[in-house]
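The model shown is predicted, which means the values in this text are computed figures rather than measured ones.
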Amino acid sequence: MATLQSCSVCLRESALQLPRHHLTDNYRSRTAKWKCPRAAVIPNFHLPMRSFEVKNRTSVDDIKSLRLITAIKTPYLPDGRFDLEAYDALVNMQIENGAEGVIVGGTTGEGQLMSWDEHIMLIGHTINCYGGSIKVIGNTGSNSTREAIHATEQGFAVGMHAALHINPYYGKTSLEGLVSHLDSVMSMGPTIVYNVPSRTGQDIPPRVIHRLAQSSNFAGIKECVGNDRVDQYTDKGIVVWSGNDDECHDSRWNHGATGVISVTSNLVPGLMRELMFVGKNPSLNAKIMPLVEWLFQEPNPIGLNTALAQLGVVRPVFRLPYVPLPLAKRVEFVNLVKQIGRENFVGEKDVKVLDDDDFVLVSRY
């Protein structure tokens, strides 16, 4: 109590000693012209985790040359934790079938359902095991610039070759804010920008990409708007990966795209490699299209998760809010596998129709 009384006295004394302004000072403060404060911008500010060591870094040109990048699926154990054994098998199948890169923790890999600890761990695991065989691109994007910076620092610290960044979603921002957000993360290493307005609610227009392309770390854009937009970039020499599997053949061979960041290649990596490497092949493209249409009848990765479970290469475990496709659609997939040829799909088990009771839906993990 004595201490509290002493503090109270100190506060009263300090209050009495505050300077008193004359009336003329108050008048000046009221009549002075107000000026808009300038934002505090600190150029070339380097956060503590950043490193300029380049000995083992991947060059931007190495990323720009990739033609088939798979947005890899993240499989789960029945309690919802990562099934790293199944994950390793999936990545190995991508390497064996000629994929050149993987996106870790993207939309397909359900990065949005991961904690950042899980996210960075999976990027580090992939680099540690497969970094010498395939390019590892970590999705470290966020609608929070602070989180995007921190995750990207950690991703490059554990060795990822490049980062994938999305524009801020839900809260959205102005175009100037969008440029500032992406500029804040691009200085750390090779970066692919991802434009998917159907998920973010905001398009990244070409004038923004043209500004970002001035950065030496800008590798290119994963574009989901369509081939007219692809033309606008490739005509200017900007590297583009199609984000739409149903358009990727024409994007690659008719519109100048470098390649595709693909969901379908989780299932048929060899066919997708042929589609991107061999040349125009409309008959192969037509052969794959029914599978692509089946995959995207519900938001990705619902179809992919269902398909991989029925192929027996992952456990039939879903982290909510994702749930498997209904039984009729599961039967359709089995028929598609038979039409395209089981030998073209990943895994070695016979494809089968799973019952509703075979699936595990995990809400807490």
Counting only N and O atoms by type, is there a donor-acceptor contact under 3.5 Å from the side chain of [X] to the main-chain atoms of [Y]?
| X | Y | answer |
| --- | --- | --- |
| His161 | Val136 | yes |
| Glu223 | Val240 | no |
| Asn217 | Met186 | yes |
| Thr264 | Val292 | no |
| Trp241 | Ser262 | no |
| Ser215 | Leu212 | no |
| Asn139 | Gly141 | yes |
| His119 | Thr140 | no |
| Thr70 | Ile72 | no |
| Arg342 | Lys349 | yes |

Q.
Going by the rule side-chain hydrogen bond (donor to acceptor under 3.5 Å, both in side chains), which residues pair with Asp355 if we only count those two or more places apart in sequence or in a different chain?
A. none
Q: With sequence neighbours excluded, tell me which residues meet side-chain hydrogen bond (donor to acceptor under 3.5 Å, both in side chains) with Asn128.
A: none
Using side-chain heavy atoms (C-beta onward) and a distance below 4.5 Å, is [X] in contact with [Y]?
| X | Y | value |
| --- | --- | --- |
| Leu275 | Asn285 | yes |
| Arg211 | Asp183 | no |
| Met114 | Thr74 | yes |
| Arg330 | Asp356 | yes |
| Leu77 | Arg315 | yes |

Q. Can Leu325 be reached from Val317 by stepping across I, L, V, M, F, W or Y side chains whose heavy atoms are under 4.5 Å apart?
A. yes
Can we say [X] and [Y] salt-bridge, meaning some charged N sits less than 4.0 Å from an Asp/Glu carboxylate O?
| X | Y | value |
| --- | --- | --- |
| Glu118 | Arg319 | yes |
| Asp83 | Lys73 | no |
| Glu100 | Lys135 | no |
| Asp358 | Lys352 | no |

Q | Closest heavy-atom pair and its distance - Asn344, Val268 | A | O-CG1, 3.3 Å
How about [X] and [Y]: does a side-chain donor come under 3.5 Å of a side-chain acceptor?
| X | Y | value |
| --- | --- | --- |
| Glu110 | Tyr76 | yes |
| Asn254 | Lys280 | yes |
| His181 | Asn143 | no |
| Thr126 | Tyr87 | yes |

Point-to-point distance, once rounded to the nearest 0.5 Å, from [atom1] of [X] to [atom2] of [Y]:
| X | Y | atom1 | atom2 | answer |
| --- | --- | --- | --- | --- |
| Ile261 | Ile221 | CD1 | CD1 | 10.0 Å |
| Thr152 | Ile120 | OG1 | CD1 | 8.0 Å |
| His210 | Phe218 | NE2 | CZ | 9.0 Å |
| Ile302 | Lys329 | CD1 | NZ | 13.0 Å |
| Thr107 | Gln112 | OG1 | CD | 5.5 Å |
| Met121 | Gln154 | CE | CD | 13.0 Å |

Q: Sorted by first residue and then second, give each salt bridge (Lys or Arg N to Asp or Glu O under 4.0 Å) pair with at least one member in residues 137-146; sequence neighbours left out.
A: none
Q. Which residue, Asp203, Asn167, Thr200, forms the side-chain hydrogen bond (donor to acceptor under 3.5 Å, both in side chains) with Asn195?
A. Asp203
